[in-house]
Amino acid sequence: MENYKLISLKVKGFRGFPDRAGEREFLFDNSCTLLLGIQGGAKSSTLNAIEWCLFGDKVANKSATKIDERKDWLVKNKTSSEATVEVTFERDDGELLKVYRCDRKRRGKPSFYYQTNDGTLHEDENRLAVLLGVELSDYMSCIYLHQEVINALLVQEPKERRNALDRLMGLTNWRNLVEGIKNAKATDEFKKFEQDSAQIKNKIETAKNIKQRDLATAEDEAMTHDIAEKELTLNGAKSRCQTVVETMQRFANDYSLLLPMLPKYQTNEDLEQFFKSGKQAIKKLRNEQPDVERQKALLSQENELTRLKVSFDGKRNAEKQQDEQIQKFKDKHGTLSSVLAKKNQIENEHLPVAREGLYTINNKAGVIRETLKFLDSGQDTEPHCPVCSNKITPSQLRQQIEAWQKEMQSQIKPFETEISRLETELSALSGVIKKFEHFQRDLEDKRQDIRDAKKAIAVALETEISEEADPLVLLEQAITEVSKDLAEILQAIEQGNHRIDIIEEQLEDIKRITNILQRRQEVEKLFEIQNSPEHKQFESERDKLSSLCDSVVTIGEAIEDVLRISAKEKIESTKNLISNIYRQLAVRTDYPDIKIDSDKYEVMAVGKGETEIALRILNKGDINCAALSIFLGLATSNNLTHNISFMVLDDPSQNLDPEHKERLAGVLNDVLKNKQLIIATSEDDFATHFNNNLTKPKKVYRLEGWTEDAGPSIRVE
């Protein structure tokens with residue numbers, strides 16, 4: 001097996017490395033490299049850049065990595081325009097492998113490629129996975145140690161623990177096969193297929209029974225219409241088609257009509273079209289009978305005459321009602337001439353006399369008013385009469401004038417009352433006259449309507465109507481004649497329709513025979529299904545599918561046996577190594593060892609002849625020691641299936657006390673015999689143990705002073 005170790009990493013714009021700081025390079029030219037710095041200093045970003053370069057955006061997915069913090073994980077630094085990572089590996093034989101990835105495409109340069117010594121660019125990520133012998137799930141469990149991998153080994157649900165252990169032991173593909181076969185549920189699917197097949201058979205049998213019942217019903221109906229059994233054939237239907245064509249032709253000839261072209265009737269399929277076309281031809285013959293057209297014309301004439309009769313009768317009744325209304329008005333108010341005479345008398349006699357009397361009195365009253373004004377003015381202390389120049393005694397004169405004024409007012413009132421009465425009566429008479437005139441106009445309009453209706457009747461009857469003639473009598477006579485003609489034509493039409501009804505019944509018999517022939521074909525097809533090549537092939541394929549399902553179940557059981565045996569072998573082959581690492585890390589006296597139950601995939605604590613589930617009795621530190629022991633033991637096993645010779649440990653000393661950390665450094669020194677290590681830690685005490693206990697060449701990168709613009713400050717210690 002040709003293994004790849006990590007040589008260098010170039011990163012820019014990825015997570016904790018803003019592109020404004022330029023490309024940052026890490027050289028892994030020693031057996032072990034330690035990334036040291038506080039939390040948030042870009043240590044994890046350095047480790048993550050390696051996996052993103054190999055596996056792309058799948059690493060930013062919780063379901064793919066089994067790491068909760070990868071949910072909504074950002075690849076590109078939030079202040080950068082793009083993220084680029086380049087990783088270089090060296091194989092045991094000295095061949096270099098360079099992998100490049102960018103989060104966006106550039107013109108002329110792919111966003112992902114890898115190349116070996118020959119310089120050829122390859123863009124197939126699947127080929128790279130084959131070359132390295134590792135998928136993301138394997139990388140995240142047996143190459144990259146994350147705290148959640150530790151949790152999966154001991155704390156997570158059995159399924160997650162089983163998956164993690166399978167990946168560590170290189171059994172992922174076998175486990176996937178087993179799960180795939182189980183998820184396929186071949187036996188259940190075949191049972192469902194069998195149920196569907198049975199339903200199809202039942203549907204066919206049901207359809208056969210229904211079709212046979214429909215056929216029997218159709219044959220019974222044919223017999224009730226006097227269709228002989230020997231006619232229930234294609235030849236019988238053809239013979240009846242010929243009869244229909246001949247009968248239609250005779251009818252068309254008798255009435256001088258053109259028979260529409262009917263289709264051929266040589267096959268079962270032709271019969272349906274013949275029936276439809278025959279129906280259309282019958283409708284055409286029925287509607288185009290000469291008597292039918294004459295009947296339509298007479299009906300139209302009858303309707304028109306009846307309409308004229310109703311219209312004329314209504315107009316004459318309206319005239320009569322108007323005459324009656326005028327007579328009632330005359331009875332109440334008198335004739336128009338008497339009303340006009342009365343109006344003239346009031347206007348020319350009574351009103352002028354009353355107004356003249358009122359005028360005379362008003363003139364006298366005016367003189368009296370002026371005299372009173374003169375007396376009130378006091379201009380002359382010894383006033384004289386303006387007429388006779390005699391001296392006037394004002395007080396006596398005033399008394400006399402005021403007496404005259406009262407007398408004048410009593411004389412004015414009767415005249416005003418009389419004038420008001422006469423004007424009111426005059427207004428009423430004017431209203432009556434207008435009403436008379438309105439009635440007369442309405443009467444003239446109605447008489448004009450009668451004259452117009454009479455003219456319309458004359459046009460319809462094509463004759464002159466004298467003044468003495470009664471239009472209604474003439475209309476009644478004409479309507480009677482039309483009704484007589486209609487009765488005669490109706491008899492002729494009924495005779496023609498009777499002949500067509502016979503043809504239509506013959507056509508319906510053809511339809512009945514056609515239905516029987518179609519149902520016979522349907523029944524025959526249903527009976528032929530089970531003997532058809534397709535049905536026989538279906539049965540053959542069903543047998544093959546049954547055999548395949550049995551084989552899949554057998555193969556699944558066999559693979560599961562292989563998986564179980566392989567797991568036991570690998571657990572057995574690594575149990576001493578896992579136990580030794582655990583002994584070095586935990587140093588417990590009551591339960592000094594751990595082992596993996598290969599059947600239940602449960603981590604067990606072992607001590608003093610007792611075995612207990614580790615999670616129940618070990619403290620947090622010892623649980624982490626157990627998980628580290630399993631990871632390191634399996635990851636350094638000689639049974640690995642991938643081609644990666646390095647391990648990435650992210651904060652492996654987390655949740656360990658100082659003694660555990662020092663022991664872990666010693667264990668890692670042993671791991672370096674077979675693996676290259678890249679370790680990230682924020683704990684200075686672990687870094688101290690690292691420097692003191694690792695005997696192989698090592699390099700320490702200190703990452704510190706991270707800023708948003710420049711990222712971390714990096715120096716080699």
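What you see below is based on every heavy atom in this structure, not just the backbone, and it leaves out hydrogens, waters and symmetry mates.
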Quiz item: Where do Asp685 and Lys661 land on the side-chain contact (heavy atoms from CB on, under 4.5 Å) test, with the steps shown first?
Solution: CA-CA 8 Å; Asp685 56 344; Lys661 294 177 184 179; 3.2 Å; yes
Self-check item: Modelled atom types, side-chain donor and acceptor of Trp52 and Asp57, under 3.5 Å
Solution: yes
Exercise. Tell me yes or no: between the side chains of Asp593 and Tyr582, is some donor less than 3.5 Å from an acceptor?
Key: no
Quiz item: How close do Gly556 and Ile181 get, heavy atom to heavy atom, and via which atoms?
Solution: CA-CD1, 3.6 Å
Quiz item: Thr79 and Asp709: side-chain contact (heavy atoms from CB on, under 4.5 Å), yes or no, with the steps?
Solution: CA-CA 8 Å; Thr79 66; Asp709 291 333; 5.7 Å; no
Practice problem: Going by the side-chain contact (heavy atoms from CB on, under 4.5 Å) test, name the single residue among Phe89, Tyr114, Phe112 that passes it with Leu54. | Solution: Phe89
Quiz item: How are the rings of Phe26 and Phe28 set to each other: parallel, tilted or perpendicular (split at 30° and 60°)?
Solution: parallel
Exercise. Verify the distance criterion only: is there a donor paired with an acceptor across the side chains of Gln115 and Lys98 at less than 3.5 Å?
Key: yes
Quiz item: Are side-chain N/O atoms of Tyr591 and Glu610 paired as donor and acceptor at under 3.5 Å?
Solution: yes
Quiz item: Do Asn674 and Thr636 pass the side chain to side chain donor-acceptor pair (under 3.5 Å) test, and can you show the C-alpha distance, the side-chain angles, and the key distance before you say yes or no?
Solution: CA-CA 7 Å; Asn674 300 309; Thr636 56; 5.7 Å; no
Exercise. Please determine, by modelled atom types, if His660 and Asp657 share a side-chain donor-acceptor pair under 3.5 angstrom.
Key: yes
Exercise. For Gln39 and Ser682, test the side chains for any donor-to-acceptor distance below 3.5 angstrom and give the result as yes or no.
Key: yes
Quiz prompt | Ring centers of Tyr139, Phe55 separated by less than 6.0 Å | solution = yes
Quiz item: Run the side-chain contact (heavy atoms from CB on, under 4.5 Å) check on Ile7 and Lys5 step by step: do they pass?
Solution: CA-CA 6 Å; Ile7 298 300; Lys5 65 180 180 179; 4.0 Å; yes
Quiz item: How far does OG of Ser653 sit from CZ of Arg663, to the nearest 0.5 angstrom?
Solution: 14.0 Å
Quiz item: Measuring from Leu9:CG to Leu47:CG, what's the distance to the nearest 0.5 Å?
Solution: 9.0 Å
Quiz item: Just wondering, do Phe17 and Ile714 contact through their side chains at under 4.5 Å, heavy atoms?
Solution: yes
Quiz prompt | Nearest heavy atoms of Ala83 and Gly13, plus distance in Å | solution = CB-O, 3.3 Å
Exercise. Only one of Lys43, Arg24, Glu704 passes side-chain contact (heavy atoms from CB on, under 4.5 Å) with Pro712; say which it is.
Key: Arg24
Quiz item: Does the side-chain contact (heavy atoms from CB on, under 4.5 Å) test come out yes or no for Leu131 and Asn643, once each step is laid out?
Solution: CA-CA 8 Å; Leu131 193 65; Asn643 302 327; over 6 Å; no
Practice problem: Classify the angle between the aromatic ring planes of Phe538 and Phe193 as parallel (below 30°), tilted (30 to 60°) or perpendicular (above 60°). | Solution: tilted
Exercise. Would you check if Lys203 and Glu205 make a side-chain contact, meaning some heavy-atom pair closer than 4.5 Å?
Key: no
Quiz prompt | Between Ser44 and Asp650: side-chain donor-acceptor atoms closer than 3.5 Å | solution = yes
Quiz item: Can you tell me if Trp706 uses its side chain to pair, donor with acceptor, with the backbone of Gly16 under 3.5 Å?
Solution: yes
